[in-house]
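The structure under discussion appears below in the form of structure tokens.
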There are 2 protein chains.
Amino acid sequence: MEATLGRPPLRAGELEVRPSEFLVLVNGERLHLTVRELELLTALVERRNRIVTREELYREVWGEPYRKSDRSVDVYIGKLRQKLEDAVPGRRFIHTHFGFGYRFAADSDRR
Amino acid sequence: MEATLGRPPLRAGELEVRPSEFLVLVNGERLHLTVRELELLTALVERRNRIVTREELYREVWGEPYRKSDRSVDVYIGKLRQKLEDAVPGRRFIHTHFGFGYRFAADSDRR
DNA sequence: CCCGCTGTGAAAAAGCTGTAAAAGGGCGAG
DNA sequence: CTCGCCCTTTTACAGCTTTTTCACAGCGGG
């Protein structure tokens, strides 16, 4: 949880993440996230527009070495997608890059 | 995939390869490649303007000894050529050297 | 011509991802 | 202490994508 404490606010399209307040706003409305969800979203938004490996995400959020049989990252990506979809229907924030990892993008950019 | 992780960016004509970001740009646009395609292209561009044997490419990308009946390198050369042709029509980046191997060149030089 | 080398489509095999659901844990209320 | 609730982790499996293998046709050099 300390992974969110010193972090400055992040804006990304209709999202605003304030890690130090455990708060995510979507178009001004609070999005209710659990601790893991918030930490994972924070890690992704901090690395927006870049492909991030599961390894890196796992190290950052879980704080321990990644075992490739571990599906936690995927499961939480799914949870985040669901909540983001509920909040902003039709928008796609988290992209899968097969064999590489995930990439967060607030704008519809091609990279 | 770790074959791309510590690598510095490479520029070659209208191509820019950023292995550590799993990213290839062609005239600024992302070229979508699979893991193998990216690794093979990276290996070729790192050795640009030199003829590279299948053995060397196979060792570098697949990480194991080459069996001469293995056509994987050829198949992936074909995939890369196709994607590069789609991205930059009329341009030829990967040259065959009969009996020797392949050579990547960004400029239209003959050798 | 001959025969090994190369290009390539397509099938088979391997591997990766999305997701639901079960299992495991922590914590506060009573 | 026990229960109930919620969050996290693990498991299972279907559906897809990628990788590998195979087959055959066309080339190219001797």
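In what follows, chains are A, B, ... by sequence order, proteins preceding strands, each numbered from 1. All of these numbers come straight from a predicted model, not from anything done at the bench.
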#### Entry: With sequence neighbours excluded, residues passing ring pair (Phe, Tyr, Trp, His ring centres under 6.0 Å) with A:Tyr102
none
### Any donor-acceptor pair under 3.5 Å from B:Glu16 side chain to B:Val24 backbone
no
Would you list the protein and nucleotides 11-13 of chain C atom pairs, both N or O, that sit under 3.5 Å from each other?
none

### Task
Flag yes if more than 12 heavy atoms outside A:Glu29 fall under 6.0 Å of its CD atom; otherwise flag no.
no
### Query
Taking any atom under 4.0 angstrom from a heavy atom of chain A, which nucleotides of DNA chain D are the first and last to qualify, 5' to 3'?
D:dC7 to D:dT18
### Query
Got a second to check how far B:Thr34's OG1 is from B:Tyr76's OH, nearest 0.5 Å?
5.0 Å
Show me, pair by pair, the donor-acceptor contacts under 3.5 angstrom made by side chains of residues 59-68 of chain A, not counting sequence neighbours?
residue : atom : partner : partner atom : Å
A:Glu60 : OE1  : A:Arg47 : NH2          : 3.4
A:Glu60 : OE2  : A:Arg7  : NH2          : 2.6
A:Arg67 : NH2  : A:Asp70 : OD2          : 2.6

### Separation between CD of B:Gln82 and CD1 of B:Ile77, rounded to the nearest 0.5 Å
13.5 Å
### Task
Could you tell me the separation between the CZ atom of A:Phe22 and the CG atom of A:Leu38, rounded to the nearest 0.5 Å?
7.5 Å
## Note on the structure
For A:Glu21, the side-chain hydrogen bond (donor to acceptor under 3.5 Å, both in side chains) test, sequence neighbours excluded, returns none
### Query
To the nearest 10 degrees, how far apart in direction are the end axes of the helix from C:dC1-D:dG30 to C:dG30-D:dC1, each fit to five base pairs?
30°
### Task
Report the hydrophobic cluster partners of A:Leu25, with the cluster defined as I, L, V, M, F, W, Y residues connected by side-chain heavy atoms closer than 4.5 angstrom, directly or transitively.
A:Leu23
### Query
In chain order, what residues pass the salt bridge (charged side-chain N to carboxylate O under 4.0 Å, His left out) check against A:Arg81, with sequence neighbours excluded?
none
### Task
Taking all non-hydrogen atoms of both residues into account, name the closest pair between A:His32 and A:Glu37 and its distance.
O-OE1, 4.4 Å
### Summary
Sequence neighbours excluded, the answer for side-chain hydrogen bond (donor to acceptor under 3.5 Å, both in side chains) partners of B:Glu14 is B:Arg91
Set out, line by line, the N/O atom pairs under 3.5 Å between protein and nucleotides 18-21 of chain C.
residue : atom : partner  : partner atom : Å
C:dG18  : OP1  : A:Arg81  : NH1          : 2.8
C:dG18  : OP1  : A:Thr96  : OG1          : 2.5
C:dG18  : OP2  : A:Tyr102 : OH           : 2.6
C:dG18  : N7   : A:Arg71  : NH2          : 2.8
C:dG18  : O6   : A:Arg71  : NH1          : 2.7
C:dG18  : O6   : A:Arg71  : NH2          : 3.4

### Task
Might you point out which heavy atoms bring A:Pro8 and A:Pro19 nearest each other, and give the distance in Å?
O-CD, 3.6 Å
### Task
Could you pull out all residues at least two apart from B:Ser20 that satisfy side chain to side chain contact (heavy atoms under 4.5 Å, CB included)?
none
## Note on the structure
In whole angstroms, the gap separating P of C:dT8 from CD1 of B:Ile94 amounts to 11 Å
### Query
C:dA14 P sits how many Å from B:Arg36 CZ, rounded?
14 Å
### Query
Are any non-hydrogen side-chain atoms of B:Arg48 and B:Leu10 less than 4.5 angstrom apart?
yes
### Query
By a strict heavy-atom criterion of less than 4.0 Å, which residues belonging to residues 57-70 of chain B are in contact with DNA chain D?
B:Trp62, B:Arg67, B:Asp70
